[in-house]
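To start, the structure itself, in structure tokens.
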Amino acid sequence: MAALDTPITYVRGVGPRIAALLAPKGILLAEDLLYRLPFRYEDRQNPRSLDELKPGEMASVIAEIRGAALLHTKRQPIFEITVGQGNLALKCVWFNGGYLQGRFRAGQTIALFGKIEASRSTRNLKMIQPQFELLPDSADDEATRLLEVGRITPVYESLGGPQLASRWQRKVIFQLLENIRNNVPECLPKAILERLKLPAREAALAAAHFPPEGTRATALMEASTPAQRRLIFEELFFLELGLELKRRRGREHKGIAFATSDAVRAAIREVLPFHPTTAQKRALGEIVSDMRQPHPMRRLLQGDVGSGKTIVALQAMLVAIENGYQAALMAPTEILATQHYLAARKLLARSSKNYRIALLTGSLDPDRKRSVRGQMRRGEAQLVIGTHALIEESVEFARLGLVVVDEQHRFGVMQRFRLMKKPGESDGPATEPDVLVMTATPIPRTLALTLYGDLEASVLDELPPGRTPVVTRRLPGQRADDVWEFVRKQVALHRQAYIVYPVIEGSRDDQPELDFSQDPTDSREANIALSTTAARKKPRKQNKKASLFTEPALSDGKSELRSATDMYEQLRSGALRDLRVGLLHGRLDADEKEVIMRRFQRGEIDVLVSTTVIEVGVDVANATVMVVDHAERFGLAQLHQLRGRVGRGAAKSYCILMTGERVSPQAEERLAAMVRTQNGFELAELDLNMRGPGEFFGTRQAGLPGFRVANLIRDRELLELAKLEAARFANAPDPNVTELERQRVWDHLRNSWQRRYGLMEAG
Ligand code: ADP
Ligand code: MG
């Protein structure tokens with residue numbers, strides 16, 4: 001008999017060879033397989049007869065293969081099969097389908113799901129790019145066959161290769177569910193399940209994989225069947241319960257109670273260069289009231305690009321400094337750290353006091369670093385601004401009172417905690433500094449509280465006055481000349497421009513500034529891109545057939561990528577030859593970067609050719625043009641950040657999104673959204689919907705696990721419910737919940753957090 005914690009290798013149908021393939025996907029135990037729910041369901045209860053199909057509809061068809069052919073058209077290879085039922089026939093086509101050659105034999109039974117279209121010339125019906133599955137022949141045993149047809153069939157995301165495709169999973173999971181029957185321990189108290197009308201764990205797992213007859217297909221697709229809701233609730237409940245504990249533990253820690261005297265207020269007033277917005281005042285109020293508490297502050301400051309988070313942070317840091325503590329500001333890039341440093345120096349120079357500010361970045365020369373670290377250790381540096389270098393082992397503060405982490409989403413959660421765990425030693429060992437993390441990712445509040453767990457949130461929902469909206473256009477790369485002409489005109493008006501490329505040089509896309517493993521341009525999407533845009537665009541190379549799909553598909557696009565270094569050379573000797581053009585990217589050393597940034601800031605460079613190193617935070621008010629080339633390769637959040645680099649002054653600003661040859665439907669959607677709106681909130685929602693929360697938040701980065709069954713956007717209502725129930729469970733013992741059940745919940749929490757949320761436990 002199997003159990004949830006049976007090692008996957010012992011699950012029937014797996015074995016050591018396949019287990020080795022599953023391990024890298026995080027499937028180690030039987031449980032891991034069972035909690036990978038189908039990503040869609042196909043209603044094969046009533047497959048359609050070929051004579052009732054209508055153009056425009058999505059249909060599920062089971063038929064016999066009659067013939068297959070690869071057609072070489074001028075534009076692309078098209079793979080076509082003919083399937084039949086009795087004397088009815090239907091053609092199915094796949095563009096660029098060379099990879100399908102040899103997969104089909106006449107006489108095989110195939111299940112197809114796809115869109116029906118009428119051919120323009122013959123008016124015959126066709127199925128376009130269908131999903132398909134070859135069904136077992138009558139030679140296979142009847143039990144397996146029953147998993148495939150005549151029911152609502154689960155479809156799983158492939159675990160790699162045809163061998164581990166949906167059909168294999170279906171069979172293994174079906175057997176596993178049989179073998180595990182009556183052996184799945186309940187992890188939620190009965191009273192909660194009854195109150196919420198949710199099924200038991202075992203029944204929920206079975207029904208989520210193999211929905212009972214009569215389950216509504218739409219409910220399944222919305223993940224709103226009782227079985228699905230139960231599993232989603234379970235996941236969210238334990239997440240929220242863990243967070244609840246963390247918050248509670250946080251309140252027990254000892255922190256610094258900062259004082260806000262008149263003298264402190266006066267010191268702040270002295271440096272403020274403008275009237276804060278109402279939102280800035282409110283946020284600062286919330287931050288300062290936390291800082292006065294004897295517990296460590298854990299606060300998130302959320303505000304769209306350009307909403308003015310920096311000055312709020314600076315004021316908070318002054319509170320710490322005026323109380324005799326040190327403050328640290330950590331930025332994700334050297335450029336941003338340097339910019340913050342320069343801006344802080346300029347601002348604090350307005351004060352009659354002589355604040356001592358230091359910059360610490362990884363690429364400072366060793367002597368300089370040592371000297372800065374000495375100033376920090378001796379407490380001489382009051383405000384230290386830096387990058388990751390701030391949290392290296394050898395860094396100590398004399399009296400660290402406040403840590404600000406800018407653009408939090410760029411940091412791993414581990415780093416956040418390491419920074420928090422560097423208490424000023426002279427104040428007793430148990431005191432922790434206050435922490436303020438800032439992010440431009442505008443996310444709904446409940447979500448923020450869940451994602452950032454132990455953090456309270458303040459929001460800057462207002463931009464400083466005098467901003468004009470950025471005019472956004474998209475253009476194909478072929479119109480580059482018009483773009484350069486426009487850039488020249490703007491420079492003639494004494495404005496400056498950025499031109500951003502996805503890669504530093506050559507056409508390799510493995511360069512640090514754009515992490516393709518995390519970006520929406522992953523190979524899955526690229527595959528789609530190839531198969532759909534290929535229908536409209538002429539592919540570059542004709543002989544690419546099968547290899548397109550066996551290699552990561554982006555490899556084909558690599559050869560066409562324009563890069564910052566190449567285009568810098570090309571532009572400054574070509575279209576922009578009369579202008580002062582600069583080049584900035586992550587491989588320059590810090591001094592060079594600083595020199596270039598300063599020259600751009602002072603207006604000594606007209607056009608800055610760059611990579612996404614300038615994505616976050618860079619602030620040059622005179623820059624009015626942002627050109628993003630290969631805009632199709634950037635995520636929405638990145639594009640929004642990049643556009644946020646302009647429109648910072650009163651002058652009219654422009655964002656031009658130039659595209660390369662292949663634009664996937666998803667990329668089309670992103671670009672259209674950028675043109676349509678400048679509202680960060682709206683873009684974030686869209687991004688969230690398009691990518692799913694895992695990718696959106698870069699969960700690995702944010703320290704959150706990828707959810708197994710929940711989707712924070714789709715399941716917002718269940719999230720609220722889980723949060724409520726978790727708080728209730730932790731804080732107000734329910735007499736209907738037995739001691740044994742409580743114990744089970746805590747055990748389950750410990751196990752699941754250990755296994756999946758391990759990182760966060762560090763806090
Ligand atoms: P972000 O929230 O994106 O980090 P910044 O802190 O860089 O934004 O602020 C954007 C720009 O707005 C900066 O040039 C800053 O000096 C300016 N700014 C911030 N607050 C105000 C304000 N209340 N009034 C006028 N300008 C402001
Ligand atoms: Mg900023």
Side-chain angles (χ1 to χ4, degrees), residues 268-269 271-287 299-318 329-350 385-387 404-411 436-443 448 457-470 496 498 597-598 600-603 612-624 626 637-651 653 655 678-681 683-684:
I268 290 179
R269 242 189 332 267
V271 301
L272 260 190
F274 32 59
H275 291 292
T277 63
T278 313
Q280 284 171 322
K281 276 189 218 157
R282 186 182 57 230
L284 184 67
E286 289 164 358
I287 291 165
R299 188 168 278 275
L300 173 70
L301 177 58
Q302 258 187 291
D304 203 353
V305 177
S307 59
K309 295 181 287 292
T310 321
I311 192 77
V312 175
L314 217 63
Q315 294 177 74
M317 292 193 285
L318 278 177
L329 170 60
M330 184 157 106
T333 62
E334 301 217 344
I335 290 174
L336 199 50
T338 308
Q339 179 187 285
H340 278 324
Y341 170 72
L342 296 174
R345 261 201 357 203
K346 199 163 142 200
L347 210 65
L348 297 187
R350 300 162 57 98
I385 298 176
T387 54
V404 179
V405 184
D406 193 15
E407 305 297 349
Q408 195 274 339
H409 63 284
R410 284 293 192 101
F411 290 99
L436 176 68
V437 299
M438 308 200 286
T439 177
T441 309
I443 40 180
S458 293
V459 183
L460 295 182
D461 50 7
E462 175 185 5
L463 293 182
R467 300 279 166 85
T468 47
V470 179
Q496 290 162 282
Y498 299 94
M597 244 358 264
R598 276 200 208 209
F600 189 63
Q601 236 142 16
R602 285 201 224 105
T612 51
V613 283
I614 56 133
E615 173 194 328
V616 286
V618 169
D619 185 32
V620 177
N622 190 49
T624 55
M626 167 60 66
Q638 271 183 324
L639 289 174
H640 181 59
Q641 276 283 348
L642 286 171
R643 179 167 58 188
R645 300 307 110 221
V646 296
R648 308 197 132 227
S653 292
C655 174
Q678 214 170 315
N679 181 323
F681 235 95
L683 290 172

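Counting convention: from 1, in listed order, for ligands and their atoms alike.
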* Main-chain N/O of I268 paired with Q315 side-chain donor or acceptor, under 3.5 Å -> no
* Against heavy atoms of T310, which atoms of ligand 1 measure under 4.0 Å? -> 4 (O), 5 (P), 6 (O), 7 (O)
* Numbering as shown, the atoms of ligand 1 that approach T277 to under 4.0 Å (heavy-atom distance) -> 23 (N)
* **Exam field: side chain Q678 to backbone V470, donor-acceptor pair closer than 3.5 Å** => yes
* Asked: Checking R645 side chain against Q641 main chain: does a donor-acceptor pair fall under 3.5 Å?
  -> yes
* To do: Within a distance under 4.0 Å of any heavy atom of P464, pick out the atoms of ligand 1 and give their elements.
  => 18 (N), 19 (C), 20 (N), 21 (C), 22 (C), 24 (N), 25 (C), 26 (N), 27 (C)
* To do: Tell me, please, which residues at least two apart from R598 pass salt bridge (Lys or Arg N to Asp or Glu O under 4.0 Å).
  => E594
* To do: Record the part of R648 in heavy-atom contact with ligand 1 below 4.0 Å; permitted values are side chain, backbone, both and neither.
  => side chain
* H275 heavy atoms, cut-off 4.0 Å: which ligand 1 atoms fall inside? -> 22 (C), 23 (N), 24 (N)
* **4.0 Å heavy-atom contact, G303 with ligand 1** => no
* Quick one: which ligand 1 atoms are inside 4.0 Å of a heavy atom on P276? -> 23 (N)
* Among A313, A621, G308, which residue places a heavy atom closest to atom 9 (O) of ligand 1? -> G308
* side chain to side chain donor-acceptor pair (under 3.5 Å) involving Q601 - partner list, sequence neighbours excluded -> none
* To do: Heavy atoms only: give me the nearest V404-A313 pair and the separation to one decimal.
  => CG1-CB, 3.9 Å
* Would you mind finding which of K309, Q339, Q641 brings a heavy atom closest to atom 1 (P) of ligand 1? => K309
* Report yes or no: does R282 contribute a side-chain atom to a donor-acceptor pair with the main-chain N or O of S458 at less than 3.5 Å? => no
* Asked: S307 near ligand 1, heavy-atom distance under 4.0 Å?
  -> yes
